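Everything numeric in this text was worked out from a predicted model, so none of it was measured.
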Amino acid sequence: MNFTPLAQKATAQRANTKVFSDSTDNRSYSAIFGNTKIFAGSTTLGTTNWQPYSNDLAPPGIEAGIYVDVDTSEAGFTSTPKYVISLGGINSHWRVTGASSVYNSTPTSFRVYIRFSEVDIISLYPTLTPEFANGQQWHINWIAVGK
């Protein structure tokens with residue numbers, strides 16, 4: 001995530017909280033407000049572990065879309081937090097649906113399923129693969145709030 005650490009620190013000082021970078025590559029940040037933790041992170045651009053999935057609506061041999069299980073264990077939540085997510089990338093990510101829907105949330109992970117919108121399925125359906133997504137540097141940005 002591209003946060004401005006100085007802005008975070010200034011906000012934290014006014015709120016009497018702690019804010020710090022939680023990784024050496026500056027892809028995750030956290031803040032503690034009393035007993036509530038806010039943690040933000042993202043999957044890696046170009047190497048997100050997208051997996052294909054099928055469903056009964058897809059033609060034979062064609063994947064319905066892709067999904068990713070996002071590891072949030074670094075945040076150290078002890079109960080399932082509230083996740084807010086978005087899909088980032090350099091191109092075509094505006095054409096998908098499902099990018100803000102969280103599935104199977106736990107204190108240490110959640111899953112996101114995405115597919116092309118109905119209008120794009122006819123012309124683009126076969127191209128939504130893990131390779132396509134990583135070629136466009138699609139990644140999941142997430143913020144979690146919990147304990």
Side-chain angles (χ1 to χ4, degrees), residues 1-55 57-58 63-121 124-147:
M1 309 254 340
N2 292 325
F3 290 111
T4 305
L6 292 177
Q8 283 189 324
K9 289 178 183 174
T11 301
Q13 288 170 351
R14 283 192 299 263
N16 197 19
T17 64
K18 297 178 183 177
V19 176
F20 45 93
S21 172
D22 291 319
S23 65
T24 57
D25 60 4
N26 291 324
R27 288 191 316 109
S28 59
Y29 288 89
S30 64
I32 300 170
F33 295 85
N35 64 356
T36 299
K37 183 188 301 187
I38 301 172
F39 198 98
S42 65
T43 61
T44 307
L45 283 70
T47 59
T48 294
N49 191 27
W50 297 107
Q51 300 295 315
Y53 77 90
S54 295
N55 66 25
L57 300 176
E63 302 298 338
I66 56 178
Y67 73 90
V68 64
D69 291 317
V70 179
D71 179 2
T72 62
S73 59
E74 179 183 13
F77 287 105
T78 57
S79 60
T80 302
K82 302 294 183 199
Y83 292 108
V84 178
I85 65 172
S86 69
L87 177 66
I90 58 172
N91 197 7
S92 299
H93 52 297
W94 64 272
R95 300 181 97 138
V96 301
T97 188
S100 62
S101 299
V102 174
Y103 292 86
N104 305 334
S105 58
T106 72
T108 59
S109 68
F110 62 89
R111 178 174 284 186
V112 182
Y113 292 92
I114 60 172
R115 63 175 175 80
F116 281 122
S117 65
E118 299 298 328
V119 173
D120 291 328
I121 285 176
L124 298 174
Y125 205 102
T127 63
L128 187 49
T129 63
E131 295 78 21
F132 177 85
N134 280 322
Q136 300 302 314
Q137 296 186 4
W138 290 3
H139 58 282
I140 298 296
N141 302 305
W142 58 274
I143 298 172
V145 179
K147 298 181 187 256

When rounded to the nearest 0.5 angstrom, what is the spacing between OG1 in T48 and CD in Q136? 13.0 Å
Distance check, rounded to the nearest 0.5 Å: Y113 atom OH versus I66 atom CD1? 12.5 Å
Less than 4.5 Å apart, any side-chain heavy atom of V70 and any of Y83? no
What heavy-atom pair brings Y67 and D69 nearest, and what distance separates the two atoms? CE1-OD2, 3.9 Å
Using atom types as modelled and distance alone, determine if a side-chain donor or acceptor of W138 lies under 3.5 Å from a backbone N or O of I90. no
Given side chains that start at C-beta, do those of T36 and K147 come closer than 4.5 Å, heavy atoms only? yes
Taking the side chain as everything from C-beta on, heavy atoms only, tell me whether S109 gets closer than 4.5 Å to S73. no
Looking at N134 and W50, what are the two nearest heavy atoms and their distance? OD1-CD1, 3.5 Å
Please determine which of V84, T43, T72 meets the side-chain contact (heavy atoms from CB on, under 4.5 Å) test together with W142. T72
Atom pair NE2 (H139) and OG1 (T47), whose distance is rounded to the nearest 0.5 Å: 11.0 Å
Minimum side-chain heavy-atom gap I140-L87 below 4.5 Å: yes
Any side-chain heavy atom of F39 within less than 4.5 Å of one from P81? no
ring-ring contact (aromatic ring centres under 6.0 Å, His included) filter on F77, not counting sequence neighbours, yields none
